[in-house]
Amino acid sequence: MTPRRFRAALVAVATTASLTLAGCTGTESTSAAPTEDGLIPVLNYGDFGGGEMPKENYNPFLLATKLSATEYLYERLMIVETYSCQEIPWLATGYDWTDDKTLVFDIRDGVKWNDGEDFTNEDVAYTFNLIKENDVLDTAGVWQYLDAVEATGDSQVTFTFKEPGGSAFQMINGVPIVPEHVWSQVDDPTTFTNAKDPVGTGPMTIKSFNPRELTIERNPDYWQADDLKVKEIKFHKVDSGGQVEQLKLSRGEYDTQGMYVPDIEKTYVERDPEHNHYWYAPGGVISVYMNLTEKPFDDVEFRRALTTAFNYDEVVEKAQLGYVEQASQTGLVIPGQEDWLPEGLENEGKMPYDAEAADQALTDAGYKTDADGNRLDKDGNPISFSFKVPGEYLDWVAASDILIENLQDLGFEVDQETPQPATHDEDRKTGNYDMIFGVYGGTCDMYRNFADPLDSSRTAPVGKPALSNETRWQDPETDALLADLKVATDESEQQEAVAGLAEIMMDEVPNIPIWYGAKWFQYSTKNAVGWPNEDDPYAGSNDFLPMLMHLRPAEDSGDEG
């Protein structure tokens, strides 16, 4: 996940002041009593997508313009929740790898489309063959791995892969299933906006839409209707700049939102401590990338020494306002992915800040200091390099300031360069840097979490754009472990390969993880309880369907004005 960056410190300060003043306006949040049948009457959510001038588009494959209601209309075979990566049976009750190229899903009985037609295994096979025939709809690229998808028996779907398909499991379960009896009548599914009475198996249907508000309502015939306690959800088009949205959040006009808010405790929690909460779960790994084709970064002893050179806590508290956590050197996102850690690993792989240890390790590796405290290379020359960071990303700049000071304290001469984001990203791809921030991982696709930054086939010579391995890491053992992970269908085999890759991250230090990007998530318990949170992380904040099915009316929602 790409992290939210703080682009305008002055705006943030002004916003904080405006939200503080808003406390004097008399605007109070409202609560709604449950309906007679025990439902939450309405919940207010944030934006619904579609750009600045949204139009009705419920085609789940048109990513750029679809509206967020599609997440509540169309369902997947399995949901892999994004916090701890547990599999939740959904339209499929289970699956089996009959061999490493054949995956068979058992399709749930008793599910109906919201127009009353039966959902069957034929719909699943149709959906996958639809995106094969219209490849622009195959947004995840599943057909680069698949050979065939067929409905088999009364309630199974068999996926046959071109080669061992373990690494494609997440992709398969990311495909929304659409009804054959509707979509087979569509002339061009690549332009079909599906705007009139969209048919899905999901828990909600479309009630109303205008460019400022989208309302979805409960599907009474949903296959999990007994557990569906929300009658309506209203999405509201956000105002550009975010300040109005932060004000609305502070006033209690949203039951949930997902935005960066300065001083969240003061501007949100303290407005209603009983009900206003937030949970910023860890997301993608923000790491220090070193150009591994250059000296001294090509020396593993040098890289190991730097793992204790950085003041991680100061980055978290000062540059990231305490909203995030220090990242594990393993590249895994902890604590959600702690089950993947190698056994016996100390402190979950989170490195301590120990400047003395870093100094000693550098000296022992042949990087001594002269009488003036300048750090020298093995030939006795002062070591100097630059740290590139996008000048507009104020939190990244603040983080780099801390890291540069840490390096300077060890005797390095380090200059900061602050190019525009587009230039920065191009320089990282082409290897035109000494030290730079990079982001990877944070998903439940373990193969891609590690392959993106480490697979030698995804890099390129300096001067040419790398596909994703922008540090130019090349290591036969890494590639062998990635090859094992790519084809593994057995969980123990997957964990063995991931543990090996985590150990390479610890021992060989291809990059140095510093912090996890935050997944912004605010929620109120005035009208609904059951939101995922730090104490009950049953799902990630973007796992919309599991979240919806956990929500219940707040016990005191009818007692507060």
Using the six-membered ring wherever Trp is involved, compare the ring planes of Y72 and F544 and label them parallel, tilted or perpendicular (cut-offs 30° and 60°).
tilted

Do Y433 and F387 pass the ring-ring contact (aromatic ring centres under 6.0 Å, His included) test, and can you show the C-alpha distance, the side-chain angles, and the key distance before you say yes or no?
CA-CA 8 Å; Y433 69 88; F387 196 125; 9.5 Å; no

According to the interplanar angle, ranging from 0 to 90°, do the rings of Y278 and Y280 count as parallel (below 30°), tilted (30 to 60°) or perpendicular (above 60°)?
tilted

Between atom OG1 of T471 and atom CD1 of I512, what is the distance when rounded to the nearest 0.5 Å?
11.5 Å

Is any side-chain heavy atom of I402 closer than 4.5 Å to one of K318?
yes

Is a side-chain donor-acceptor pair under 3.5 Å present for S287 with N511?
yes

Between atom CG of L376 and atom OG1 of T363, what is the distance when rounded to the nearest 0.5 Å?
10.0 Å

Only pairs at least two apart or in different chains count here, so list each side chain to side chain donor-acceptor pair (under 3.5 Å) that has a residue in residues 130-149.
Y145-R448

Value for SG (C85) from CG (N449), rounded to nearest 0.5 Å, stands at 8.0 Å

Whether Y523 and W531 hold their rings parallel, tilted or perpendicular, with breakpoints at 30° and 60°:
tilted

Less than 4.0 angstrom from a charged side-chain N to a carboxylate O is my criterion; do K388 and D427 meet it?
yes

Tell me whether the count of non-hydrogen atoms from other residues, nucleotides or ligands lying under 6.0 Å of NZ in K350 goes above 12.
yes

Side-chain donor or acceptor of R303 paired with backbone N/O of F297 under 3.5 Å:
yes

Would you say L292 and D298 make side-chain contact, with heavy atoms under 4.5 Å?
no

Closest non-hydrogen contact found for F128 with I172 is CZ-O, 3.5 Å

Any donor-acceptor N or O pair under 3.5 Å, side chains S328, E348:
no

Ring centres under 6.0 angstrom apart (Y323, F521):
no

Value for CD (E71) from CG (L545), rounded to nearest 0.5 Å, stands at 7.5 Å

Tell me, which pairs form a ring pair (Phe, Tyr, Trp, His ring centres under 6.0 Å) where one or both residues lie in residues 442-493, sequence neighbours left out?
none

Test log, rule side chain to side chain donor-acceptor pair (under 3.5 Å), inputs E413 and N374
CA-CA 8 Å; E413 181 182 336; N374 299 307; over 6 Å; no

Kindly check if the number of other-residue, nucleotide or ligand heavy atoms within 6.0 Å of CD (Q494) is above 12?
yes

Check whether any side-chain N or O of S456 sits under 3.5 Å from a backbone N or O of Q474 as a donor-acceptor pair, and report yes or no.
no

Passes ring-ring contact (aromatic ring centres under 6.0 Å, His included), Y83 versus W279? Steps please.
CA-CA 12 Å; Y83 180 74; W279 178 42; 5.4 Å; yes

So does R375 pair up with D370, basic N to acidic O under 4.0 Å?
no

Go through the steps for F161 and W97 under the test ring-ring contact (aromatic ring centres under 6.0 Å, His included), then give the verdict.
CA-CA 11 Å; F161 295 87; W97 288 94; 5.6 Å; yes

Does any part of the side chain of D377, heavy atoms only, come nearer than 4.5 Å to the side chain of K295, both counted from C-beta?
no

Hey, is the main chain of G174 close enough, under 3.5 Å, to the side chain of R76 for a donor-acceptor pair?
yes

Could you go through the side-chain contact (heavy atoms from CB on, under 4.5 Å) check for I107 and V157 one step at a time?
CA-CA 7 Å; I107 304 304; V157 178; 3.8 Å; yes

Non-neighbouring partners of D434 that pass salt bridge (charged side-chain N to carboxylate O under 4.0 Å, His left out), sequence neighbours left out
none

Would K486 and E163 satisfy salt bridge (charged side-chain N to carboxylate O under 4.0 Å, His left out), going step by step from the backbone distance to the final call?
CA-CA 10 Å; K486 183 177 182 179; E163 56 185 30; 3.5 Å; yes

Distance in Å, D445 CG paired with N173 CG, rounded so as to fall on 0.5 Å steps:
11.0 Å

Are any non-hydrogen side-chain atoms of F385 and V414 less than 4.5 angstrom apart?
yes

Between T152 and T158, do the side chains contain a donor N or O and an acceptor N or O under 3.5 Å apart?
yes

Determine, stepwise, if the pair V389 / Q416 fulfils side-chain contact (heavy atoms from CB on, under 4.5 Å).
CA-CA 7 Å; V389 60; Q416 185 186 71; 4.1 Å; yes

side-chain contact (heavy atoms from CB on, under 4.5 Å) between M78 and I88, intermediate numbers included
CA-CA 6 Å; M78 307 281 289; I88 306 173; over 6 Å; no

A quick test of your reading: do over 12 heavy atoms of other residues, nucleotides or ligands sit less than 6.0 Å from CD of E496?
no

With sequence neighbours left out, what residues match Y126 under ring-ring contact (aromatic ring centres under 6.0 Å, His included)?
none

For E150 and A125, the nearest pair of non-hydrogen atoms, with its separation, is C-CB, 4.1 Å

If I take atom OG from residue S541 and atom NZ from residue K519, how far apart are they, to the nearest 0.5 angstrom?
6.0 Å

Those residues at least two apart in sequence (or on a different chain) that pass side chain to side chain donor-acceptor pair (under 3.5 Å) with T293 are N291

Could you tell me how the ring of Y95 sits relative to the ring of F169: parallel (under 30°), tilted (30 to 60°) or perpendicular (over 60°)?
tilted

Verdict with reasoning, F437 to W515, per ring-ring contact (aromatic ring centres under 6.0 Å, His included)
CA-CA 11 Å; F437 283 130; W515 79 92; 5.4 Å; yes

Using the rule side-chain contact (heavy atoms from CB on, under 4.5 Å), only one of L306, I504, T307 pairs with V509; which is it?
T307

Okay, side chain of E470, backbone of G431: is any donor-acceptor separation there less than 3.5 Å?
no

Going by atom types only, do S386 and D415 share a side-chain donor-acceptor pair under 3.5 Å?
no

Could you tell me whether a side-chain N or O of N533 sits under 3.5 Å from a main-chain N or O of D535, the two making a donor and an acceptor?
yes

I would like to know whether E493 and V498 meet side-chain contact (heavy atoms from CB on, under 4.5 Å); could you show each step before the answer?
CA-CA 9 Å; E493 293 176 355; V498 168; over 6 Å; no

Would you give me the side-chain donor-acceptor pairs under 3.5 Å for residues 331-346, sequence neighbours excluded?
residue	atom	partner	partner atom	Å
Q337	OE1	V333	N	3.0
Q337	NE2	T443	O	2.9

Show the numbers, then the answer: is there a salt bridge (charged side-chain N to carboxylate O under 4.0 Å, His left out) between E508 and R304?
CA-CA 7 Å; E508 303 298 320; R304 286 175 186 159; 3.8 Å; yes

Is it true that, when you exclude Q408 itself, more than 12 heavy atoms of the residues, nucleotides or ligands shown sit nearer than 6.0 Å to its CD?
yes

